[in-house]
Peer 1: 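Here's a structure for you.
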2 protein chains.
Amino acid sequence: MTVNSHHDIRQALRDRIESGEWQLGALIPSEMALADEYGCARTTINRALQTLASDGLVVRKRKGGTRVCEMPVRQAKFEIPILREQVEATGGKYRHQIMSQKLRTPTASVRTQLRISAGKKALFMETIHLADDSPYAYEQRWVNLQTVPEIMQAPLDQLSANEWLVKTVPFSSGDVIFSAEKADKTIASALQSDVGNAIFVVDRTTWMGGDFITTMKLYYKDGYQLYSPL
Amino acid sequence: MTVNSHHDIRQALRDRIESGEWQLGALIPSEMALADEYGCARTTINRALQTLASDGLVVRKRKGGTRVCEMPVRQAKFEIPILREQVEATGGKYRHQIMSQKLRTPTASVRTQLRISAGKKALFMETIHLADDSPYAYEQRWVNLQTVPEIMQAPLDQLSANEWLVKTVPFSSGDVIFSAEKADKTIASALQSDVGNAIFVVDRTTWMGGDFITTMKLYYKDGYQLYSPL
DNA sequence: ACCGATATTATGTATGCACATATTATAATT
DNA sequence: AATTATAATATGTGCATACATAATATCGGT
């Protein structure tokens, strides 16, 4: 078998690590030695090893050499779910419905999260996301009008606020918090569910540069599960 | 300012995308053109673009050129939490306590998940993970003895099953499911919490190659939140 | 107008080389 | 013996080049 593409080599090295040939924390041969063994240029080995390093399988140090990562950081990565796609992926028909949409003085915690000046108002909206006309998730969202005033002109009846924001300020950063909450009366009625049920909640805040854009809380219908391979 | 390292170039390109200079879905200049513009070799541009592609910011196609990703896949990636680290990160003192540990005939669903032959037994254990001596999470785990019989000899009173498995079969793959559940009597008493509380649940199955190793359900004390930047 | 051969284009990848840089080991100096 | 200079080593990175490969564009013949 001839291996020469960095692809093949990466896989070969990965196999040798995963088979246990190189123990956890063990030093693996130098790039030169590997290049020699596989009969390719050092550059090719370098590329393969760099990929493995960025995957967290090995740790590299100048002069120290490359060693199998002591604590292989198994990291789950999953896409931030766009509800429409989530629903349509399971064959359902997606629809959303705006329950309310108004300017309001934000609560203290929201004002802090979005860095909204005291006295200023923000856009608050409640949306129900439906799969085949039955509730799928209930969304509460605050939008900072100081940073995205254009949203007042957006056709939010056709495009959900989420989708509009993704298209308009696509490269924002943010954070997510997953938790479980008991459904209160508001949530239960929005989801046509019962008070006290365990609800999977996603809390998300996004900003761009130093400008805080929106914060959102998503309550999934009970029974929802978030899956991720790792 | 001279930019020439693939690092600088990657950042420069990223800026141009995020500033909106190149719109969503727009075709960006070819590697040759960019190499010309930045006064560097095509290889360097190639490397920068490949990184951006693997980050999901651009999509590349032979002859088709490189274009800004239509739907920038915001992917949250977070490490699979190791309980000890999670607890110790918040300054708490970690400790765990095995409540039960015995050979049992697995339930039908577990037997399916771990591909255990009918009639065979598996190791079932319940563990409480404590932070500063108060319950932090309650774990139910099944271990497939057909694939890791060695666990029967492991010192599980010192090292948690989780940690032992991570050290012994480090490069397994798996999946995770996050959900919310109502605490039943077992869970509530294990966590010194109340029946009916909303519990954040992590369900994880791991395998290596075709061999199914373990499946685990982790019930976090109510109020737990899983945070992730993105 | 249709179909197929050929050229063109942009990315993908391997190579040899040179030099940079971090780190450790060793030797030289005090 | 402690400190400092120097060499050795492994990875990091850039460049020029060559060829591979996929997808599109163009042109010619029927």
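By convention in this document, chain letters (A, B, ...) are assigned in the order of the sequence lines, proteins followed by strands, and residues within each chain are numbered from 1.
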Peer 1: Starting from P on C/dG12, measure out to CG on A/Asp8 and report it in whole angstrom.
Peer 2: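 A/Asp8 atom CG is separated from C/dG12 atom P by 17 Å.
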Peer 1: When you measure from every atom of DNA chain C, which of residues 44-54 of chain B have a heavy atom less than 4.0 Å away?
Peer 2: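 Output list: B/Asn46, B/Gln50.
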Peer 1: Does any non-hydrogen side-chain atom of A/Gln97 lie less than 4.5 Å from one of A/Leu130?
Peer 2: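 Heavy-atom side-chain distance check passes, below 4.5 Å.
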Peer 1: Counting distance only, does the side-chain N/O of A/Asp211 pair as donor-acceptor with the main-chain N or O of A/Thr147 below 3.5 Å?
Peer 2: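 The answer is no, because no donor-acceptor pair under 3.5 Å joins these two groups.
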Peer 1: Do the side-chain N or O atoms of A/Arg60 get closer than 4.0 angstrom to the phosphate oxygens (OP1, OP2) of D/dA10?
Peer 2: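 Looking at the OP1 and OP2 atoms of D/dA10, neither is under 4.0 Å from any side-chain N or O of A/Arg60.
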Peer 1: Whether B/Arg84 engages the ring of B/Tyr94 as a cation-pi pair (distance to the six-membered ring centre under 6.0 angstrom, angle to the ring normal within 45°) should be assessed.
Peer 2: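 Output no; distance or angle outside limits.
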Peer 1: Salt bridge check, A/Asp133 against A/Lys93: does any charged N sit closer than 4.0 Å to a carboxylate O?
Peer 2: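 No, no charged N to carboxylate O under 4.0 Å.
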Peer 1: Given 3.5 Å as the limit, does a donor-acceptor pair link the side chain of A/Lys221 with the main chain of A/Leu191, or not?
Peer 2: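 It does hold such a pair.
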Peer 1: Salt bridge or not for A/Arg10 and A/Asp55, using N-O below 4.0 Å?
Peer 2: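 Salt bridge absent between A/Arg10 and A/Asp55.
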Peer 1: Do B/Tyr136 and B/Gln86 have side chains that approach each other closer than 4.5 Å (heavy atoms only, starting at C-beta)?
Peer 2: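 Answer yes - side chains close enough.
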Peer 1: May I have the distance from A/His6 (atom NE2) to D/dG12 (atom C1'), rounded to whole angstrom?
Peer 2: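 Going from NE2 in A/His6 over to C1' in D/dG12 covers 17 Å.
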Peer 1: Here's a test of your reading of the structure: between A/Gly64 and B/Lys61, which maps to the more 5' nucleotide of DNA chain C?
Peer 2: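 By nearest-heavy-atom nucleotide position, the 5'-most residue is B/Lys61.
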Peer 1: Mind running a 4.0 Å heavy-atom check of residues 22-36 of chain B against DNA chain C and sending the residues that fall below it, in number order?
Peer 2: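 Of all residues in residues 22-36 of chain B, the ones placing a heavy atom under 4.0 Å from DNA chain C are B/Ser30, B/Glu31.
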Peer 1: With the side chain counted from C-beta on, respond yes when B/Thr112 and B/Phe212 share a heavy-atom pair under 4.5 Å apart, and no when they do not.
Peer 2: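 With C-beta onward as the side chain, the pair stays apart.
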Peer 1: So, is A/His7 close to the C/dT13 phosphate, meaning a side-chain N or O under 4.0 Å from OP1 or OP2?
Peer 2: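 It does not, given that no N or O in the side chain of A/His7 lies less than 4.0 Å from OP1 or OP2 of C/dT13.
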Peer 1: Is there side-chain contact between A/Leu24 and B/Phe171, with at least one heavy-atom pair below 4.5 Å?
Peer 2: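 A side-chain contact exists here, since the closest heavy-atom pair is under 4.5 Å.
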Peer 1: Quick one: which protein N/O atoms are closer than 3.5 Å to N/O atoms of nucleotides 17-21 of chain D? Pair and distance per line, please.
Peer 2:
from	atom 1	to	atom 2	distance (Å)
D/dT21	O2	B/Arg62	NE	3.4

Peer 1: Would you say the side chain of A/Ile28 lies within less than 4.5 Å of the side chain of A/Arg16, judging by non-hydrogen atoms?
Peer 2: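 No. Closest side-chain heavy atoms not under 4.5 Å.
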Peer 1: Output the rounded distance in Å from CZ (B/Arg10) to P (D/dG12).
Peer 2: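 Taking atom P of D/dG12 as the reference, CZ of B/Arg10 is at 14 Å.
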Peer 1: Side-chain contact, heavy-atom cut-off 4.5 Å: A/Ile151 with A/Thr168?
Peer 2: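 Of all side-chain heavy-atom pairs linking A/Thr168 with A/Ile151, none is under 4.5 Å.
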